[in-house]
Amino acid sequence: MADSRGEERNGGEQEPQGAVGGEDVIDDPILEQGAVVLRGYVIERINTEDPARHVSSEDLGGRPDEHQDPQVKEVVEQLLKIADDLNRNVEFQRLISQVQGNCAQDIFMQVARSIFADGINWGRVVALFHLAYRLIHKALTTNHLENIRRVISWVLQVIREQLYSWLIQQGGWEGVIRGFSRWRTLATVASVALVAAIVYYRKTR
């Protein structure tokens, strides 16, 4: 796996890759597709919620044509459908809007661990992506573009350290396409998990 990503812990000076100003350089297919899918998710959510703001893959550290792959498009589409259920959770929306865009890595990781503390499913993966989207959107709207690369690298670290084996068992990111209706019903569980995680985050601020 790409062990060089996301290792800049405890204030290390190595700048994480994965956003503004350069493409991802990842030699692991699970992590590479995870980065592409995350960027696709962020772009589509921004197109829906903030259509006046044009964001490209390059702005998030990707390649111009990376979302043309039909399989990637379908994975992103299914994740967005799961996210629709998250977006209907008023408490979830209220709490996540209060997360600071410049939150520290250790806080982000604590929240991520809380999301997956009692299990992994696609609804919880979407909850992680949605949290990342909110932080990236805040970075864009406040012109703190350096935070984009940090958030993306943090998500990839979570994928590598917590989700990797599970994703392999699912057959990769395409696993969300199979049994979609089942995963969508789990979105409510995921939203509860993320609300609990955000409450924890607020208590530790």
Side-chain angles (χ1 to χ4, degrees), residues 1-9 14-20 22-45 57-83 86 105 108-133 135-136 148-180 182-184 186-187 189-190 193-194 197:
M1 291 188 296
D3 292 329
S4 63
R5 291 194 61 87
E7 296 297 332
E8 60 292 336
R9 299 177 186 167
Q14 182 177 355
E15 192 69 22
Q17 300 177 33
V20 186
E23 296 179 3
D24 281 322
V25 180
I26 309 173
D27 60 7
D28 183 283
I30 293 289
L31 293 176
E32 181 177 10
Q33 190 171 22
V36 173
V37 170
L38 173 60
R39 286 191 289 265
Y41 180 91
V42 170
I43 290 169
E44 290 303 319
R45 288 247 64 95
S57 295
E58 299 97 308
D59 294 329
L60 305 180
R63 301 180 305 276
D65 59 348
E66 66 182 11
H67 296 120
Q68 298 307 308
D69 184 327
Q71 201 165 46
V72 170
K73 286 183 176 180
E74 189 171 2
V75 170
V76 171
E77 180 181 341
Q78 301 295 0
L79 295 178
L80 289 166
K81 288 178 181 177
I82 295 173
L86 286 176
Q105 180 179 7
F108 183 92
M109 291 302 172
Q110 287 172 3
V111 172
R113 282 193 293 271
S114 181
I115 292 172
F116 301 108
D118 59 351
I120 302 171
N121 59 53
W122 288 109
R124 291 171 187 251
V125 173
V126 171
L128 174 69
F129 274 30
H130 203 74
L131 175 61
Y133 154 68
L135 295 176
I136 289 171
I148 297 174
R149 66 174 62 199
R150 294 194 183 106
V151 172
I152 292 177
S153 70
W154 296 346
V155 173
L156 292 177
Q157 183 176 336
V158 172
I159 292 171
R160 185 175 63 246
E161 296 179 356
Q162 299 186 56
L163 307 181
Y164 195 92
S165 296
W166 181 83
L167 285 165
I168 294 292
Q169 293 171 1
Q170 306 306 308
W173 292 93
E174 294 79 10
V176 72
I177 300 171
R178 299 184 292 274
F180 166 67
R182 178 187 170 201
W183 302 130
R184 191 169 186 180
L186 292 173
V189 177
L194 189 51

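When reading the values below, keep in mind they use all heavy atoms of this one structure, side chains included, and skip hydrogens, waters and symmetry mates.
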- Task: State which residues pass side-chain hydrogen bond (donor to acceptor under 3.5 Å, both in side chains) with Q162; sequence neighbours excluded, sorted by chain then number.
- Result: none
- Y164 vs W173, ring pair (Phe, Tyr, Trp, His ring centres under 6.0 Å): CA-CA, chis, key distance, verdict: CA-CA 10 Å; Y164 195 92; W173 292 93; over 10 Å; no
- Determine, stepwise, if the pair I136 / I152 fulfils side-chain contact (heavy atoms from CB on, under 4.5 Å). CA-CA 8 Å; I136 289 171; I152 292 177; 4.0 Å; yes
- Task: Taking all non-hydrogen atoms of both residues into account, name the closest pair between L156 and G34 and its distance.
- Result: CD2-C, 4.4 Å
- Backbone N/O of V36 and side chain of H67: donor-acceptor pair under 3.5 Å: yes
- Atom OG in S165, atom CD in Q170: separation rounded to 0.5 Å? 11.5 Å
- Which pair of heavy atoms, one from V158 and one from A112, lies closest together, and at what distance? CG2-CB, 3.7 Å
- Task: May I ask you to test the D65-Q68 pair for a side-chain heavy-atom distance under 4.5 Å?
- Result: yes
- Query: Tell me, do I159 and L38 make a side-chain contact under 4.5 Å, heavy atoms counted?
  - Reply: no
- Message: Do R39 and E66 have side chains that approach each other closer than 4.5 Å (heavy atoms only, starting at C-beta)?
- Response: yes
- Query: Is R63 paired with E58 through a side-chain N to carboxylate O contact shorter than 4.0 Å?
  - Reply: no
- List the atom of G172, the atom of I30, and the distance in Å for their closest heavy-atom pair. CA-CD1, 3.9 Å
- Which heavy atom of L60 sits nearest a heavy atom of V42, and at what distance? CD1-CG1, 3.9 Å
- Item | Pairwise distance CD1(I177) to CD(Q71) - rounded to 0.5 angstrom | 5.5 Å
- CD1-CG distance between I148 and L135, expressed to the nearest 0.5 angstrom: 11.0 Å
- Nearest non-hydrogen partners of G119 and R124, listed with the distance: O-CD, 3.3 Å
- Message: Using 0.5 Å steps for rounding, measure from the CG atom of N121 to the CD1 atom of I82.
- Response: 8.5 Å
- Query: Are K81 and E77 close enough, and set up right, to give a salt bridge (Lys or Arg N to Asp or Glu O under 4.0 Å), and what steps lead you there?
  - Reply: CA-CA 6 Å; K81 288 178 181 177; E77 180 181 341; 3.3 Å; yes
- Query: Are any non-hydrogen side-chain atoms of Q110 and R113 less than 4.5 angstrom apart?
  - Reply: yes
- Task: Using the six-membered ring wherever Trp is involved, compare the ring planes of Y41 and H130 and label them parallel, tilted or perpendicular (cut-offs 30° and 60°).
- Result: perpendicular
- Mind checking what makes side-chain contact (heavy atoms from CB on, under 4.5 Å) contact with Q169, not counting sequence neighbours? W166
- Between I120 and V125, what is the shortest heavy-atom contact and its length? CG2-CG2, 4.5 Å
- Name all residues meeting the side-chain hydrogen bond (donor to acceptor under 3.5 Å, both in side chains) criterion together with E174; count only those two or more places apart in sequence or in a different chain, and write none if there are none. Q33
